[in-house]
Amino acid sequence: MKKGLVLLLFFTLISCNETGNSQDVFCTTEAKAGLNIAVYLIESSSSIPISEGVTVVATDGNYSETLQFYDPQNPIFSGAYERPGTYIITVTKPGRQTYISQPIQVMSDICHVIPRNINVLLLP
């Protein structure tokens, strides 16, 4: 009888977790960047990743944020941490054409934003 009760409780917990009920979801405590923008310079026959002198701004209505990069070896500009929205990305660098994106939608699930990874090519 005791084994049957334990098995019944176990299968009840499994079935509850599969329903997608928010009470059964365990979210991590990390903050996820909604936007991750890699910037490349177009040179004669190749493209190279760059961060020096580059400014990346994400705008969603009245909200505006300058995205940051943390690793010069892997210059990905990140921001919009845990902030869903529809963003316009503007990338500038002196001596290069300014890049302005089409609207980019950042959505979220029950726990975090769903990160968008975007590559931007800056033309001379």
Side-chain angles (χ1 to χ4, degrees):
M1 173 70 175
K2 211 175 195 183
K3 281 185 181 182
L5 185 58
V6 169
L7 284 175
L8 178 62
L9 180 60
F10 176 75
F11 285 116
T12 301
L13 288 174
I14 288 176
S15 66
C16 287
N17 284 335
E18 291 176 355
T19 64
N21 186 340
S22 63
Q23 295 174 348
D24 301 321
V25 175
F26 299 100
C27 299
T28 62
T29 58
E30 70 183 322
K32 292 197 176 195
L35 295 168
N36 299 290
I37 313 296
V39 180
Y40 297 88
L41 294 182
I42 299 294
E43 297 301 334
S44 59
S45 63
S46 65
S47 61
I48 56 172
I50 186 83
S51 59
E52 187 176 328
V54 173
T55 302
V56 180
V57 176
T59 305
D60 176 19
N62 292 330
Y63 176 83
S64 181
E65 176 183 352
T66 300
L67 279 56
Q68 303 295 314
F69 77 95
Y70 303 98
D71 181 3
Q73 302 302 317
N74 187 22
I76 296 177
F77 293 80
S78 299
Y81 283 87
E82 297 300 348
R83 190 178 188 287
T86 301
Y87 295 90
I88 302 292
I89 305 299
T90 303
V91 181
T92 58
K93 177 173 174 47
R96 295 291 173 151
Q97 292 181 23
T98 297
Y99 170 86
I100 301 174
S101 75
Q102 295 296 315
I104 298 169
Q105 190 170 14
V106 175
M107 300 180 72
S108 63
D109 60 20
I110 199 163
C111 292
H112 298 285
V113 294
I114 301 166
R116 295 293 307 267
N117 301 313
I118 310 292
N119 292 326
V120 172
L121 304 174
L122 288 182
L123 301 171

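Residue numbers count from 1 along this sequence.
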Any side-chain heavy-atom pair of F77 and N36 under 4.5 Å
no
Could you measure the distance from the CD1 atom of I50 to the CG atom of L122? Nearest 0.5 Å is fine.
9.0 Å
The salt bridge (Lys or Arg N to Asp or Glu O under 4.0 Å) partners of R83 (sequence neighbours excluded) come to D60
Under a 4.5 Å side-chain heavy-atom rule over Ile, Leu, Val, Met, Phe, Trp and Tyr, are V120 and V106 clustered together?
yes
Within one Ile-Leu-Val-Met-Phe-Trp-Tyr cluster: V54 and I100, side-chain cutoff 4.5 Å
no
Under a 4.5 Å side-chain heavy-atom rule over Ile, Leu, Val, Met, Phe, Trp and Tyr, are Y99 and I88 clustered together?
no
Do E82 side-chain atoms and A31 backbone N/O form a donor-acceptor pair below 3.5 Å?
no
CD on Q102 to OG1 on T86, rounded to 0.5 Å
12.5 Å
Let me confirm one number: the OG-CD distance from S51 to Q68, rounded to the nearest 0.5 Å.
11.5 Å
Not counting sequence neighbours, which residues clear side chain to side chain donor-acceptor pair (under 3.5 Å) with T28? List them please.
E30, H112
So does V113 get a backbone contact from the side chain of S108, meaning a donor-acceptor N/O pair under 3.5 Å?
no
Can you hop from I42 to Y40 via hydrophobic side chains spaced under 4.5 Å?
yes
Could you tell me if the side chain of R96 sits less than 4.5 Å from the side chain of L123, heavy atoms only?
no
So do V56 and T66 actually touch side chain to side chain, heavy atoms under 4.5 Å?
no
Can you tell me how far the CD1 atom of I114 sits from the NZ atom of K32, to the nearest 0.5 Å?
9.5 Å
Can you tell me how far apart OG1 (T55) and CG (L67) are? Round to the nearest 0.5 Å.
11.0 Å
CD1 of I37 to CD1 of I118, rounded to nearest 0.5 Å, is 5.0 Å
Could you tell me if the side chain of T59 sits less than 4.5 Å from the side chain of V57, heavy atoms only?
yes
Which atoms form the tightest heavy-atom contact between A58 and Y87, and what is the distance?
CB-CD2, 3.9 Å
